[in-house]
Structures are given as C-alpha cells and as structure tokens.
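Below is one structure, written out as structure tokens; the observations come after it.
Convention: sequence-line order gives letters A, B, ...; per-chain numbering from 1.
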Amino acid sequence: MLDKRYLRDNLEEAERRLKTRGGALDLAPFKVLDERRRELLKESEGLKALRNKVSEEIAQVKDKSQAQDRIVEMREVSQKIKQLDDELKGVEEELDRILLIIPNLPHETVPVGLSEEENREVRRWGNIPALGFAPKPHWEIGEALGILDFECGAKLTGARFTLYKGAGARLERSLVNFMLDLHTGEHKYIEMLPPFMVNRESMTGTGQLPKFEEDLFHVEGFDYFLIPTAEVPVTNIHRGEILRGNDLPRCYAAYTPCFRKEAGSYGKDTRGLIRQHQFNKVELVKFVKPQDSHQELDALLADAETILQRLGLPYRVVELCTGDIGFSAAKTFDIEVWLPGQNTYREISSCSNFEDFQARRADIRYREDDKAKPEFVHTLNGSGLAVGRTVVAILENCQQADGTVTIPEALRPYMGGLERIG
RNA sequence: GGAGAGAUGGCCGAGUGGUCGAAGGCGCCUGACUCGAAAUCAGGUAUGGGGGUGACUCCAUCUAGGGUUCGAAUCCCUAUCUCUCCGCCA
C-alpha cells in the first residue's frame, strides 16, 4: 500500500512511475474520494466535539429535567453524526479498495521495460558443464532412475503433482536441511516453521489479496488459504507490531511447501517439476530499517547464491525491469540456474525489496529508541532456494553418460554418504 | 462436538453508565543524591487522524463489528481468540 499522503501530494509523479509497470491506472477516483473523506471527517469531528462538551455539561446538572432541551438537541446531533459516519465509512471502504490494488512504486534504479525481454543480466557464476553427450531433461532422468513418478502424482491428485520416491525423496529432504543449516548456521537467520494455511488478513498484509485471489487455493469451510510462499506467514509474524530499533534487522528462514493454482499458465512447463501446484521452498525474510534495505537486499541475494555455489550449479543473476517486478516489490533480482536439459537459464530464486509497501499494509513498525515515533520497517524476502527446481538443476547438471547422477559433494553428508544415484 | 470463564496501555492489574485515555504496580526515560553504580526521591512515559509557525488543540481507539443512550471500558447482540472441564483425536 502506498502512503495516502504521498499520493495526495504527488499524484502525477505516482501515476508516471506506476505507468512504467505497464497497464493503465487512473488515480483520479482516489483524489475525489480522498477530498470527500476529509470534508466528512471535519464535519463529523466538529459535531462530536460539540456533543462531548454538552454531554459533560449534562453530567454536571443534578436535576436532569433541567437539561431536557439539551438532551433533545444532542439526540439530533447524534443522528446527524451517524449519517455522516455512515457516508464516511462508505468513502473509506472505497478508498481502501483502491489503495489495496495499487502496486508498489518501482525503485528509481529499476530498469524501465515492459517485459522480461528487458530484464538486465547482472552477473554469471560457474561454468556450463561440458557433458560430451546429449543432455536429457530431468523428467526422463528421474523416471529412468525411479525417483520421480509423475503418473502416480497425477493418479493421487492430478496434473502438476509429483510423487518423489527413494533417493529422490531423500534428495528433496536433504536439500531442505542443507539450505536451512547453511542459512541458520553461517548466515544467522532464525529458523521458523509457520502454519501452511493463513487467513485473509495475512494474505492482504503481504499483497496476495485482494488482487490475486484466483491464484490461491482456498480451504472449504474456513476462510483460510494455502500459502503460495512462506513469505506470507513469515512476514505476517510481526503484523500489527512495533519492533525495537536494536532488534533490527530480523532475519528468518523457513521451510514450507507452497501451493499455487498456476491459473493462466496452461500449456506452460507441463512436463517435469518446473511448475507444480505444490512445491517445497526455503524462504528468507528480513525486517530492516529503511536506510538499510537496499544493502540488505544485496546481502539476501548473496545468501541465496551461496547455495548454488556450494552445490556447484552454474547460474546468472538478473535484475527485473519495471514491467516484470511483482505487485508488492520495489526492486527484484532473480537467480536463474542453468538447465542443460532445456539449454537455458530458469528462475530458481526471486529476491525482492518491498520497502514499506507490505509494512504499511500489515502495520509493521519499529521505534528507533523509546522516545522516537514509530516508523514503518522495510521488508524483504527471497527464495533460498526453490527446492524442486534445485532437484531439477542437480539432475540435469550432474547427469552422467550412463544415466546416473552424481550428488554434489556438499550434499553427501545429508544423503548418508551417497555419491551417486543409479 | 458439549458446558463454562475470560480478552483493559510495553507487561501485570483495578475499574459495572458521566469528573476514565483509563487507579496502582512493574518496566522504561529525565532529573536529584553519588567518585560511579545500586537503593531512594521527584517528574515524565500509548497509537492513529485533523487543525495551528508554535505553546497547543480537537476527534477516535479499553479484541473486532453492530446496537441502546444526551453520554459506553462499563449495558445488549454477533464474530474472533484464549483458558478450564467433558467427549473425540495424530
């Protein structure tokens, strides 16, 4: 959510900056409603002040029959107040509806562009493996080794669900543990294990609602949603709280499954693990002071990159352009891992700075010291990493001519010493 | 699922129609005392919104949303959450 006052005073600038995301956005209704709101507020508050004053006078009078005329008068005033407040409530609801669907302002440093074509490559790491044979896609490798069963996933649930078996299941679990151990041990994140369903307030706090309800799985009989990312529960941990300045930055790491409808992606990535309705992810979330947030984003990105470096998987870092960053983000870097089976880089992590956008929605503030006024924190998060896609990357990059897959050394302790699958 | 109890400021806790944004305590801040600290004493300590250059002032907020009333932390209704007992359950 953008700052109402900022919008009021800089409407044209806001419109111009939002336009760089693509799509039209007319802020005129905001202006009209905002002005009406302030008119109503002024009038209602004036009458309330009067009522409070007169009611106090009535309280002083011993014999209430002597105050009868004032009581009658205030009865009318109260009715008028109720009328005004009813209209005010309607105006505020409409105003909120508008504010909740306005996306975040892209940071000034974000490259302007309309689609992912205009994203900016920042750096590459690692060498693309020279396999010396035609690389297979991970679904063929996984099926041949008997560690991934797409058909059974479809039988159990439906399309875009997969059964992991044997060493495949263990590989997924090992990666979760490896990632969490690294982030909590070397990078000093605090581990969290949150609920996998959240309520509407939490989804609104991070920006999934009200605009993207069709992407979410909703639970029948409850107004709960399956989380599409751990970002939602973990960021909402501090919803409605005022943190202490010296408690910042707060850095959390959480493993959760993620559930996404993937509406509108029919026909895309239909084979394999790339796009599933349910996938595992280790997520990193930070609450920081505003002046530190862009530096903290760089650090978060580096923390996510470390995982790929330790696993020896080649990747590149891409800075998303204005047309490609998400609704709540001010700035985003994607990490894309090299997939020989597809002969391309594919997203395996997305690291974003939301600045005060989520903090304002979720009311997460901090106080520099006991005397200071509370200020909104900046929130950040990033995948560290998407686990299923990491399995994909390992299968495809570490595949051997004989169909076996070499397990990256860093992972072997987690695999009970196993060096290869197959 | 059945029965009951509760939700008040950073924390504990008083408050059953007006003088209550809320006693008291703890915590925290400032000052005094001290070489310094502890103890003690004095004062100060919520959030959001509106108005004023400013001292300041007005409005709202005692889980949330409705209602009664001239006036609600206090009375009524609903929801949510917490706790206790019974049942069920990994």
Side-chain angles (χ1 to χ4, degrees), chain A residues 1-9 30-31 33-100 193-205 209 218-225 233 236-248 250 257 287 356-377:
Chain A
M1 194 154 62
L2 300 179
D3 182 11
K4 246 188 260 182
R5 234 170 309 190
Y6 166 81
L7 275 181
R8 190 179 295 152
D9 300 337
F30 166 81
K31 195 175 175 197
L33 286 165
D34 182 57
E35 276 165 13
R36 181 68 187 142
R37 174 182 164 268
R38 291 202 288 166
E39 274 169 29
L40 288 166
L41 204 58
K42 208 172 220 176
E43 198 180 343
S44 166
E45 288 193 350
L47 290 176
K48 281 175 183 167
L50 173 70
R51 184 181 67 185
N52 286 347
K53 197 168 132 254
V54 175
S55 286
E56 208 168 303
E57 285 167 20
I58 293 171
Q60 306 298 325
V61 177
K62 295 272 182 326
D63 179 2
K64 296 299 184 229
S65 64
Q66 292 195 357
Q68 206 48 44
D69 51 337
R70 275 176 287 187
I71 289 176
V72 171
E73 194 189 334
M74 285 310 106
R75 191 174 297 160
E76 281 163 19
V77 167
S78 274
Q79 257 161 29
K80 179 71 182 160
I81 289 172
K82 189 179 282 188
Q83 262 176 34
L84 289 168
D85 281 354
D86 281 349
E87 187 183 347
L88 184 63
K89 199 180 154 202
V91 168
E92 284 187 331
E93 278 171 5
E94 189 56 37
L95 210 47
D96 269 351
R97 241 195 305 279
I98 292 174
L99 281 170
L100 284 173
L193 184 61
F196 302 159
M197 299 180 203
V198 298
N199 58 29
R200 196 167 278 277
E201 290 72 52
S202 294
M203 283 293 184
T204 305
L209 290 180
H218 186 255
V219 178
E220 194 177 356
F222 294 81
D223 199 16
Y224 296 161
F225 298 87
N236 277 282
I237 288 172
H238 294 301
R239 172 152 51 86
E241 292 184 5
I242 300 175
L243 304 168
R244 292 172 23 169
N246 23 0
D247 286 342
L248 298 178
R250 296 199 76 109
F287 303 82
D356 62 6
F357 188 84
Q358 293 181 327
R360 183 170 282 113
R361 284 176 163 248
D363 191 25
I364 308 169
R365 290 172 293 171
Y366 80 102
R367 214 193 294 270
E368 187 55 58
D369 55 74
D370 287 323
K371 285 274 191 284
K373 265 182 94 75
E375 275 186 75
F376 289 112
V377 301

Taking any strand in view, what nucleotide pairs with B:G65 in a Watson-Crick or G-U wobble way, both distances under 3.5 Å?
B:C77
Rounded to whole Å, the CD-P distance (A:Q68 to B:U69) equals 14 Å
Any strand, both distances under 3.5 Å, Watson-Crick or G-U wobble: B:U47 pairs with B:A60
Using a 4.0 Å heavy-atom cut-off, does A:R8 contact any base of the nucleic acid, only the sugar-phosphate backbone, or nothing at all?
sugar-phosphate
Between B:A46 and B:A38, how many Å separate the two C1' atoms, rounded to a whole number?
30 Å
Nearest listed nucleotide, side chain of A:K82, among B:G48, B:G67, B:G49
B:G67
Can you measure A:I71 atom CD1 to B:G18 atom C1' for me and round it to whole angstrom units?
12 Å
Closest to the A:S78 side chain: B:G71, B:G48, B:A46?
B:G71
Searching all strands shown, indicate the nucleotide that pairs with B:A5 (Watson-Crick or G-U wobble; both distances under 3.5 Å).
B:U82
For A:I237 and A:R250, what are the C-alpha separation, side-chain angles and deciding distance, and is it a side chain to side chain contact (heavy atoms under 4.5 Å, CB included)?
CA-CA 11 Å; A:I237 288 172; A:R250 296 199 76 109; over 6 Å; no
Using atom P of each nucleotide, how far apart are B:G43 and B:U47 to the nearest Å?
22 Å
So, is A:R367 near the phosphate of B:A46, with a side-chain N or O under 4.0 Å from OP1 or OP2?
no
Could you identify the nucleotide paired to B:G54, looking across every strand shown and requiring Watson-Crick or G-U wobble geometry with both distances under 3.5 Å?
none
Rounding to an integer number of angstrom, what distance separates B:G13 and B:G17 when you compare their C1' atoms?
22 Å
Is there a donor-acceptor contact under 3.5 Å linking the side chains of A:S202 and A:N199?
yes
What pairs with A:F376 under ring pair (Phe, Tyr, Trp, His ring centres under 6.0 Å), at least two apart in sequence or on another chain?
none
Distance, nearest 0.5 Å, that separates CE of A:M203 from CG of A:D223:
10.5 Å
Across nucleotides 52-65 of chain B, 5' to 3', mark each nucleotide with B, S or - according to how protein heavy atoms within less than 4.0 Å reach it.
------SBS-----
Atom pair distance, as rounded to whole Å: CZ in A:R239 and P in B:U47
21 Å
Just to verify, what does A:R97 make a side chain to side chain donor-acceptor pair (under 3.5 Å) with, not counting sequence neighbours?
A:E94
Whole angstroms only, please: what is the CD-P distance between A:Q60 and B:G71?
17 Å
Taking B:C41 as the reference, what is the distance to B:G24 when you measure between their P atoms (whole Å, please)?
15 Å
Once side-chain contact (heavy atoms from CB on, under 4.5 Å) is applied, do any residues pair with A:K31, and if so which ones, sequence neighbours excluded?
A:L11, A:E35
Between C1' of B:G71 and CD of A:E76, the distance in whole Å
16 Å
Determine the Euclidean distance between corresponding C1' atoms of B:C77 and B:A72; express it in Å to zero decimal places.
15 Å
Which of the following nucleotides, B:G18, B:U68, B:G48, is nearest to the side chain of A:S55?
B:G18
Let's test this: given Watson-Crick or G-U wobble pairing with both distances under 3.5 Å, identify the partner of B:A32.
B:U40
Spatial distance of atom NE2 (A:H218) from atom CE (A:M197) [nearest 0.5 Å]
11.0 Å
Gap in Å between the two C1' atoms, one belonging to B:G9 and one to B:C62, rounded:
8 Å
Please give, in whole Å, the distance from B:U69 P to A:R70 CZ?
20 Å
Tell me whether the OP1 or OP2 atom of B:C28 has a side-chain N or O from A:R244 closer than 4.0 Å.
no
Go through the structure and list residues passing salt bridge (Lys or Arg N to Asp or Glu O under 4.0 Å) with A:D96, not counting sequence neighbours.
none
In terms of side-chain heavy atoms of A:I242, which of B:U47, B:G50, B:C70 is nearest?
B:U47
Gap in Å between the two C1' atoms, one belonging to B:A73 and one to B:U19, rounded
16 Å
With RNA chain B as reference, determine whether A:P374 or A:V72 sits nearer its 5' end, using the nearest nucleotide of each.
A:P374
Atom-to-atom span, CZ of A:F222 to C1' of B:C81 - whole angstrom
14 Å
Taking any strand in view, what nucleotide pairs with B:G24 in a Watson-Crick or G-U wobble way, both distances under 3.5 Å?
B:C12
Given that both distances must come in under 3.5 Å, which nucleotide forms a Watson-Crick or G-U wobble pair with B:A90?
none
Counterpart residues, ring pair (Phe, Tyr, Trp, His ring centres under 6.0 Å), relative to A:F287 (two or more places apart)
A:H238, A:Y252
Base, sugar-phosphate, or nothing for A:I58, non-hydrogen atoms under 4.0 angstrom?
base
Taking atom C1' of B:G49 as reference, at what distance in whole Å does atom CD of A:E92 sit?
10 Å
When the C1' atoms of B:A7 and B:U74 are considered, how many whole Å apart are they?
15 Å
How many angstroms lie between CD in A:E375 and CD1 in A:I364, if you round to the nearest 0.5 Å?
14.5 Å
Please tell me which of A:D86 and A:R37 maps to the more 5' nucleotide of RNA chain B, matching each residue to the nucleotide holding its nearest heavy atom.
A:R37
